[in-house]
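Down below is the structure, laid out as structure tokens.
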Amino acid sequence: MRLDGLSAYAPEHVWSNARVAARLRLERMRLNARAGGNGGGVLGPEQAKLFETSDRWVRRFIGFSERRFCAEGEGTIDLATRAARQLFERSGRSAADVDAIVVASVTPSYLYSPPDAALLQHELGIPVWQGAVPRQIVGADVSLACSSWVTSLTLCYALIRSGLARRVLLVGADRMSATINWRDRSFATVLGDAGTAALCVAVPEAEDWFSPSQFWSWLDGSRAGIIRTPAGGSRHPSPSPEAVEAGAHRLAMDGAAVREILVPFMSGPALDATLAKAGWAIDSLDFVALHEANLTLNGSIVKAWRERGFRGEVVSGEGRFGNTTSASIPLALAMHPDALKVGSRFGLFGFGGGLSASFALGTLRHPLRTWTNLDQRPASAAKPGL
């Protein structure tokens, strides 16, 4: 399997750190007013701290300079469709040749049905009939938190290597702004929206970018509560008005626990297991794309890798897009076409809720064309440890 093209789309609406800080202050004022109207007092110091942030704070402790948000009424399918249309228009390939669609996302356009893979087939006009005979099309929506895209890449490889598909449209898209609880800066300062699309195609084995030994995955559900949406799923499908008011249907995170567990895990055991399975050395990687959880956390991981001999380039969104979850790794690749040199060895590393991790190692054996709806000059965001 190889990637025949990669497209990334980010919404036009830019939210600076200052704008996010202002939105958090507004939420604090609303909550204070509501508490006062009900005979209560103002927020206590610990509660008020959840709303406090600034451009300086975000740049120092998270590293992001801005993020992009969808317009109201738009969802994951809009991001996915725009990225996929851009892919086919710019590459000259035909969507009609696609025989499988895999959508990596944690923010489905509709909660239970229809799946985004089916919506995307319709939006792109991928044919479902060959004359009077139904045409076989494989489809799947894949959700594994911030590991979703690399996990989906693994499934695309399995489909192609097994012969079940030859041209797979791989989408990574999330409207993460829809999950923000504006009473908690831990995610409000981090999350952003983006969509990506890649065309995965079958090649002779001698030209394969990957091999089964170059994929590695991990799960630990005992830590599931660290990143969680308490209400709104099938266990609690109808949260009370009070729960909704408190944001229980939005994402919540124990940021300190995430750093305490995932930084040392990604810095050592996870990478070691991946390299050992493939028979690669850490100094053989020419470039890596690490899920952009936040730049300070990623900087700690990369610093540890460099101390162990990693000398390659780290491609990222440079803090311009926030944590876009399923879109973060392909977005970083699309923003750095100069790093995608034929012959380069690369690593794609996803990690996040579950807890979960999904890694892929590969070698670029063909040119990889990329397209975005943005200019590719990085902003002057902080890049600690990268």
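One-based numbering along the sequence shown.
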Here the salt bridge (charged side-chain N to carboxylate O under 4.0 Å, His left out) pairs for residues 1-18, sequence neighbours left out, are Arg2-Asp4, Asp4-Arg93
Identified side-chain contact (heavy atoms from CB on, under 4.5 Å) partner of Val314 from the options Ile301, Val288, Asn298: Val288
Could you tell me which residues satisfy side-chain contact (heavy atoms from CB on, under 4.5 Å) with Ala252, sequence neighbours excluded, listed by chain and number? none
Separation between CD1 (Ile282) and CG (Leu271), nearest 0.5 Å, reads 4.5 Å
What do you reckon, is CZ of Arg369 surrounded by more than 12 foreign heavy atoms closer than 6.0 Å? yes
Determine whether Ser7 and Arg90 satisfy the following criterion, side-chain contact (heavy atoms from CB on, under 4.5 Å), listing intermediate values before the conclusion. CA-CA 9 Å; Ser7 166; Arg90 300 290 292 276; over 6 Å; no
Between Val20 and Val58, is there a side-chain heavy-atom distance shorter than 4.5 Å? no
Heavy-atom side-chain proximity of Leu191 to Leu251 below 4.5 angstrom: yes
Is it the case that the side chains of Ser105 and Asp174 hold a donor-acceptor pair, with the cut-off being a distance below 3.5 Å and no angle test? yes
Any Lys/Arg nitrogen of Asp208 or Arg161 sitting under 4.0 Å from an Asp/Glu carboxylate oxygen of the other? yes
Under the 3.5 angstrom rule, does the side chain of Arg311 hit a backbone N or O of Leu285 as a donor-acceptor pair? no
Smallest separation among heavy atoms of Val106 and Ser148, with atom names: CG1-OG, 3.8 Å
Side chain of Trp149, backbone of Leu170: donor and acceptor closer than 3.5 Å? no
Of all residues at least two apart in sequence or in a different chain, which pass the side chain to side chain donor-acceptor pair (under 3.5 Å) check with His366? Glu207, Trp209
On the ring face of Trp57, is Arg185 found with NZ or CZ under 6.0 Å from the centre and within 45° of the axis? yes
Are Val171 and Leu144 co-members of a hydrophobic cluster defined by side-chain heavy atoms under 4.5 Å apart? no
Do the side chains of Leu79 and Tyr9 get nearer than 4.5 Å, heavy atoms only? yes
Test your reading of the model: is there a side-chain donor-acceptor pair from Asp141 to the backbone of Asp116, 3.5 Å cut-off? yes
Pro212 vs Tyr157 side-chain heavy atoms within contact, under 4.5 Å: yes
For the hydrophobic clusters of this structure (ILVMFWY residues joined by side-chain heavy atoms under 4.5 Å, transitively), does one cluster hold both Trp371 and Ile329? no
Do you know which two heavy atoms are closest between Tyr112 and Pro237, and how far apart they sit? OH-CB, 4.1 Å
Quick one: does any side-chain atom of Glu313 pair with a main-chain N or O of Asp286 as donor and acceptor, under 3.5 Å? no
Roughly how far apart are Asp272 CG and Ser267 OG, rounded to 0.5 Å? 10.0 Å
Contacts of Ala165 meeting side-chain contact (heavy atoms from CB on, under 4.5 Å) (sequence neighbours excluded), chain-then-number -> Asp99, Ala100, Leu159, Val168
Evaluate the side-chain contact (heavy atoms from CB on, under 4.5 Å) criterion for residues Trp216 and Leu275: first the C-alpha distance (whole Å), next the side-chain angles of each, then the deciding distance (0.1 Å), finally the verdict. CA-CA 9 Å; Trp216 184 86; Leu275 293 171; over 6 Å; no
For Arg365 and Glu205, what are the C-alpha separation, side-chain angles and deciding distance, and is it a salt bridge (Lys or Arg N to Asp or Glu O under 4.0 Å)? CA-CA 11 Å; Arg365 304 190 190 279; Glu205 188 161 359; over 6 Å; no
Asn17: which residues meet the side chain to side chain donor-acceptor pair (under 3.5 Å) condition with it, sequence neighbours left out? Asp55, Arg67
Do Phe88 and Leu169 have side chains that get closer than 4.5 Å, going by heavy atoms? yes
Mind jotting down which residue pairs meet the ring pair (Phe, Tyr, Trp, His ring centres under 6.0 Å) criterion with at least one end in residues 222-269? Sequence neighbours excluded, please. Trp218-Phe265
Has Arg85 got more than 12 heavy atoms of other residues, nucleotides or ligands less than 6.0 Å from its CZ? yes
Verify side-chain contact (heavy atoms from CB on, under 4.5 Å) between Arg59 and Ser65, making sure each step is shown before the conclusion. CA-CA 6 Å; Arg59 287 177 184 268; Ser65 58; 3.6 Å; yes
Side-chain touch Leu333/Val315, heavy atoms, less than 4.5 angstrom: yes
Heavy-atom closest contact (Thr296 atom, Gly63 atom, distance): CG2-N, 4.2 Å
Give a yes or no answer on whether the side chain of Glu292 reaches the backbone of Gly317 with a donor-acceptor pair at less than 3.5 Å. yes
Could you please spell out the steps behind the ring-ring contact (aromatic ring centres under 6.0 Å, His included) verdict for Phe351 and His291? CA-CA 7 Å; Phe351 64 96; His291 163 62; 5.6 Å; yes
Does Leu199 form a side-chain contact (heavy atoms from CB on, under 4.5 Å) with Val98? I'd like the steps, not just the answer. CA-CA 9 Å; Leu199 188 61; Val98 167; 4.1 Å; yes
Do Leu361 and Lys277 have side-chain heavy atoms sitting under 4.5 Å apart? no
Distance col, row Ser152:OG vs Ile101:CD1, nearest 0.5 angstrom, shows 13.0 Å
Measure across Arg68 and Ala10 and return the closest heavy-atom pair with its distance rounded to 0.1 Å. CG-CB, 4.0 Å
Is the backbone N or O of Glu318 less than 3.5 Å from a side-chain atom of Ser316, with the two atoms forming a donor-acceptor pair by type? yes
Side-chain heavy atoms nearer than 4.5 Å, only ILVMFWY residues, links allowed to pass through others: does that put Met266 and Leu153 together? no
Side-chain donor/acceptor of Asp193 to backbone N/O of Met176, under 3.5 Å: yes
More than 12 heavy atoms of other residues, nucleotides or ligands under 6.0 Å from CZ of Arg135: is that the case? yes
Consider only side-chain N and O atoms of Ser358 and Ser147, and report whether a donor and an acceptor are under 3.5 Å apart. no
Can you measure from SG (Cys146) to CD1 (Ile227) and round to the nearest 0.5 angstrom? 6.5 Å
For the hydrophobic clusters of this structure (ILVMFWY residues joined by side-chain heavy atoms under 4.5 Å, transitively), does one cluster hold both Val103 and Tyr110? yes
Taking the side chain from Thr81 and the backbone from Asp78, do they hold a donor-acceptor pair closer than 3.5 Å? no
Taking NZ, NE, NH1 and NH2 as the nitrogens, is one of them in Glu74 or Arg82 under 4.0 Å from a carboxylate oxygen of the other? yes
Hey, could you give me the CG/OG1 distance between Leu331 and Thr324, rounded to the nearest 0.5 Å? 5.5 Å
Going from CD on Glu27 to CH2 on Trp182, what distance comes out if it is rounded to the nearest 0.5 angstrom? 9.0 Å
So, the side chain of Thr53 versus the backbone of Ala21: is there a donor-acceptor pair under 3.5 Å, distance only? no
Taking C-beta and beyond as the side chain, do Thr189 and Phe61 meet within less than 4.5 Å on heavy atoms? no
Which heavy-atom pair separates Val138 from Leu164 by the least distance, and what is that distance? CG2-O, 4.3 Å
Is Phe187 reachable from Ile261 through a run of I, L, V, M, F, W or Y residues, each pair having side-chain heavy atoms under 4.5 Å apart? yes
